[in-house]
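Computed from heavy atoms alone, side chains included, the values below leave out hydrogens, waters and symmetry copies.
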Amino acid sequence: MALPKWRKGPGIYNESKNLPIYQHKATLQQAVKDNSFLVVTGETGSGKTTQLPQYLHQAGFWSNGKIGITQPRRVAAITVAQRVSQEMHCSLGREVGYQVRFDDCTTQDTVVKYMTDGCLLREILADPVLSQYSVVILDEAHERSLNTDILLGLLKQTLSSPDKASKGRCVPLKVVVMSATLETDKLSVFLGGCPVFTIPGRTFPVTSKFSCAIGPKDTESSVYVKEVVKVALDVHTSEMAGDILVFLTGQSEIEKACDMLYEKAESIDYRYDVQDHKVEGLLILPLYGSMPTDQQKQIFQPPPPGIRKCVVATNIAATSLTINGIKYIVDSGFVKQLNHNSRVGMDILEVVPISKSEALQRAGRAGRTSAGKCFRIYSPAFWEKCMPEYTVPEIQRTSLTAVILTLKCLGVHDVIRFPYLDRPEERFILEALKQLYQCDAIDRRGKVTRLGELMVEFPLPPGLTRALLQAASLGCEDLLLPVAAMLSVENIFIRPEKQKEADKKHRQLGVQAGSCNDFTMLLSVFEKCKASDAPSAWCKDNYIHWRALKSAFSVETQLREILLRLQKKRDFPMEKFDGNKSELFRRCLCTGYFTNVARRYGVLHNGWAWIHEHSIKSPKCILHISPHRSLFDQEAQLDWVIFHDLLVTSRIYIRTVCPIRYDWVKDLLPKLHEVDVYELSSVAREEVTDEEVAKWVTKEAAKRQTDVFKKLEKRNDESSVRDARARYLQRKQERQQGKAS
DNA sequence: GAGCACTGC
């Protein structure tokens with residue numbers, strides 16, 4: 001993102017005096033002095049992120065410790081720190097600094113520190129009372145990022161028990177929570193009824209219009225893609241100058257929409273159609289996260305005179321990136337979301353309707369510089385029936401294994417009664433406990449084991465960490481470190497127009513590795529590129545995403561450093577293994593991926609999935625995803641695989657796949673089949689009645705058919721195949737008609 | 001035929 005050039009000297013000073021927050025300066029300073037907790041709310045443009053830390057600095061808070069400000073995103077932490085250091089006339093890294101992963105720009109002088117919420121959480125692990133800080137500001141709390149939610153709970157818990165709070169501190173910690181105007185009462189109540197400060201913002205009105213095109217039943221991708229294209233073109237031909245931002249769910253949809261826009265925009269006759277004579281052409285730009293950086297930069301350039309810009313984007317444009325000059329929004333009403341399914345114990349990526357608050361946020365992107373318009377392609381009925389009020393916070397829809405392990409390491413034993421702003425369902429917590437117990441991170445009483453203590457040190461999902469530590473204890477960490485790194489970054493395989501050629505190259509890379517599965521393929525790509533003299537050119541030749549691979553290199557280095565530190569410091573477990581390398585590697589993976597197991601279609605009838613097309617094996621193979629319990633002891637040696645993740649679109653796909661033997665899982669994780677619900681409940685909290693447990697067990701049994709599995713079956717049954725075929729034929733026909741005319 | 005949202009440590 002291009003950084004704005006800030007004027008130096010008095011200019012800046014005057015500018016910040018004009019911000020809406022300025023007139024509340026003294027009151028805010030006093031309020032932080034008087035209260036342990038404070039909620040500050042204000043829309044974008046109120047200046048709270050840049051000014052409040054400076055006010056607290058001026059009020060002398062720095063003399064008792066640092067002023068820490070958290071952001072959910074790296075870019076925000078860095079750019080805001082840069083700006084504030086200029087406003088305070090100091091060089092970045094001195095009085096004002098920032099810290100994000102791989103980039104610590106702070107010194108001993110740093111008293112105003114911007115950082116990501118994940119960084120502060122890591123600091124809490126080392127220093128639970130945050131003795132270095134006098135004030136902690138949690139910014140963008142309304143976004144409800146997982147880390148911010150955890151921090152909120154931890155700070156509330158620490159500050160509300162006086163002996164904990166004063167331990168190792170001379171002056172009590174102050175906590176300020178900053179949020180957009182949404183749900184601030186709830187925050188205040190959560191923090192013991194603390195005062196709420198409201199600061200007016202500086203945004204322009206945005207008018208929203210519904211259309212009747214998409215009703216509650218139209219959830220088909222091709223339908224809404226077509227509709228957003230139509231609406232975007234309508235806007236282009238009938239509205240005054242100003243750029244357009246279209247929201248869709250993913251790369252393929254965006255590319256389809258862009259193709260359609262190109263095709264249709266060409267045929268517009270600008271002599272008659274366009275009201276505002278300044279607009280004579282349409283510049284169509286796709287925008288999604290995995291796009292090359294230089295292409296992304298193009299988005300921020302102002303369009304040539306007389307040309308209207310139309311950006312077709314994923315949700316990345318909702319919060320992460322701000323594009324200037326946007327005056328019109330076209331909102332598809334859908335988003336791709338990663339949800340956790342606690343019954344199957346897996347995460348599932350799926351397309352869902354956005355929430356009403358998210359729709360408002362999307363609309364708000366049109367009102368940054370002047371009044372704007374938002375065109376919703378869905379009907380009021382869709383709004384009412386399909387869209388929830390608020391987006392379910394991340395903590396209620398993701399796997400909690402990492403969170404629970406972190407909390408346990410911080411000494412929070414009772415993870416069910418931990419003060420969550422929004423409590424995750426109990427079965428999510430129980431399931432996380434179960435998985436942690438099964439992979440030996442906690443013991444029967446819910447206490448963190450040695451292995452668990454080692455695991456929490458790694459910035460990886462617990463399963464992957466478990467596999468890595470297994471490898472380290474067997475002396476083969478060199479096999480797992482690159483794989484863990486590769487799975488932590490965005491997809492490294494590029495599939496451009498020349499898909500077949502790319503696939504062929506990718507497959508060659510994998511096959512040369514000897515034993516071939518998707519995990520060894522990752523290893524092979526990593527090693528081959530590392531060994532290459534010109535890695536960036538090598539990537540281009542092989543259709544590999546160089547930016548992603550480069551970050552995999554630095555992640556690998558970081559993981560290796562952590563591992564070395566742990567191996568030196570503590571009595572690190574060591575084991576022996578006699579067998580071939582391929583088996584060793586796959587056994588290690590089993591210890592982490594025991595939740596993600598599938599086998600070739602057999603007798604049991606629960607859920608089916610396809611191996612994703614990108615897999616090196618690439619058989620169009622139907623698999624059966626299985627929760628272990630029912631399959632234990634049954635044909636255990638049949639074609640089993642473990643997989644990294646699960647994708648639900650028109651079908652269920654498993655991605656990054658590796659064949660295994662089921663008895664490895666059985667050997668490596670003897671606890672896999674021994675846990676029962678009662679034990680877990682007692683692990684989770686001290687007292688639990690038998691009645692409650694019984695209730696839970698019955699509920700569990702009733703839920704045997706999960707939502708996913710129901711969806712699966714529906715999608716796999718004959719009628720839906722027929723429907724899909726009919727839709728395909730219809731599309732084909734339309735395409736032909738389109739060409740003919 | 002269909003085929004990888006976005007963050008973060």
Side-chain angles (χ1 to χ4, degrees), chain A residues 70-77 99-104 115-125 140 143-148 150-151 221-222 247-256 287-290 313-321 334-339 347-352 354 358 391 394 398 402-403 406 456-461 464-465 487-495 499 503 545 548 551 554-555 558-559 562 610-615 618 620 644-656 715 720-729 731-732:
Chain A
T70 68
Q71 295 289 327
R73 279 172 297 280
R74 294 167 56 101
V75 200
Q99 189 188 348
V100 297
R101 188 189 193 182
F102 300 126
D103 192 1
D104 182 359
M115 64 195 123
T116 48
D117 48 14
C119 270
L120 189 65
L121 198 56
R122 288 276 139 185
E123 279 190 45
I124 285 201
L125 267 169
E140 312 284 6
E143 284 191 29
R144 307 297 309 277
S145 81
L146 187 61
N147 288 335
T148 300
I150 297 296
L151 285 169
S221 164
S222 59
F247 281 105
L248 282 172
T249 74
Q251 180 176 346
S252 67
E253 266 176 28
I254 287 173
E255 276 162 6
K256 258 183 234 158
L287 173 63
Y288 44 83
S290 59
T314 59
N315 236 20
I316 195 170
T319 47
S320 309
L321 299 176
F334 290 95
V335 69
K336 243 183 209 138
Q337 201 173 61
L338 190 69
N339 291 321
D347 288 335
I348 297 158
L349 187 61
E350 52 192 347
V351 174
V352 294
I354 57 171
E358 212 171 342
T391 305
E394 209 181 343
T398 47
V403 169
T406 310
V456 84
E457 301 283 336
F458 289 88
L460 291 173
L464 207 47
T465 314
L487 291 170
S488 301
V489 300
E490 27 179 336
N491 183 25
I492 54 148
F493 298 105
I494 300 170
R495 299 181 86 220
Q499 277 187 13
D503 286 351
H545 200 315
S551 47
S554 45
V555 173
Q558 189 198 24
L559 296 177
I562 296 171
W610 271 256
I611 291 186
H612 195 276
E613 186 75 6
H614 286 190
S615 172
S618 190
K620 302 202 169 176
H644 179 67
D645 63 357
L646 192 69
L647 169 78
V648 181
T649 49
S650 55
R651 278 181 183 170
I652 309 257
Y653 292 97
I654 61 174
R655 296 186 298 184
T656 319
R715 282 181 176 159
S720 78
V721 171
R722 256 200 322 271
D723 287 351
R725 179 145 189 88
R727 281 196 301 272
Y728 163 67
L729 288 173
R731 277 202 297 277
K732 199 169 164 188

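Put simply, A/Ser145 has no side-chain N or O that comes within less than 4.0 Å of OP1 or OP2 on B/dT7. Phosphate contact (OP1/OP2 of B/dT7, side-chain N/O of A/Arg101, threshold under 4.0 Å): absent. Dashed line: the shortest gap from a side-chain N or O of A/Thr116 to OP1 or OP2 of B/dC9 is under 4.0 Å.
Between the CD atom of A/Gln558 and the C1' atom of B/dG8 there is a distance of 11 Å, given to the nearest Å. Distance CG (A/Asp103) to P (B/dG8): 12 Å, rounded to an integer number of Å. What separates CD of A/Glu123 from P of B/dG8 is a distance of 17 Å, to the nearest Å. Between the P atom of B/dG8 and the CD atom of A/Glu143 lies a distance of 11 Å, rounded to the nearest Å. Atom OH of A/Tyr288 and atom C1' of B/dT7 are 19 Å apart (whole Å). Rounded to whole Å, atom P of B/dC6 lies 9 Å from atom CG of A/Leu287. In this entry the distance linking CD of A/Gln71 with P of B/dC9 reads 12 Å, nearest Å. Residue A/Asn315 contributes atom CG, which lies 12 Å from atom P of B/dA5 at whole-angstrom precision.
A/Asn315 is linked by a side-chain contact (heavy atoms from CB on, under 4.5 Å) to A/Phe247, A/Ala318, A/Val335, A/Glu358, A/Arg362, counting only residues two or more places apart in sequence or in another chain. Listed by chain and number, the residues in a side-chain contact (heavy atoms from CB on, under 4.5 Å) with A/Leu338 are A/Asp347, A/Leu349 (sequence neighbours excluded).
If you check every strand for non-hydrogen atoms under 4.0 Å, A/Gln251 touches sugar and phosphate atoms only. Nucleic acid contact for A/Asn491: base, since at least one base atom lies under 4.0 Å from a heavy atom of the residue. A/Ile316 comes within contact range of the sugar-phosphate backbone alone, with a heavy-atom separation under 4.0 Å but no base atom that close.
The CD1 atom of A/Ile254 sits 5.0 Å away from the OG1 atom of A/Thr314 when rounded to the nearest 0.5 Å.
Remark on DNA chain B: of its neighbouring residues A/Pro459 and A/Thr249, the 5'-side contact belongs to A/Thr249, judged by nearest-heavy-atom nucleotide.
Taking the side chain of A/Ser320 as heavy atoms from C-beta on, and the options B/dG8, B/dA5, B/dT7, the nearest nucleotide is B/dT7. The side chain of A/Arg122 lies closest to B/dC9, out of B/dT7, B/dC9, B/dA5. Nearest to the side chain of A/Arg73, among B/dC9, B/dA5, B/dT7, sits B/dT7.
Side-chain contact check for A/Pro461 versus A/Leu487: every heavy-atom pair is 4.5 Å or farther apart.
Each of A/Gln71, A/Arg73, A/Glu394 was compared with A/Glu143 under the side-chain contact (heavy atoms from CB on, under 4.5 Å) criterion, and only A/Arg73 meets it.
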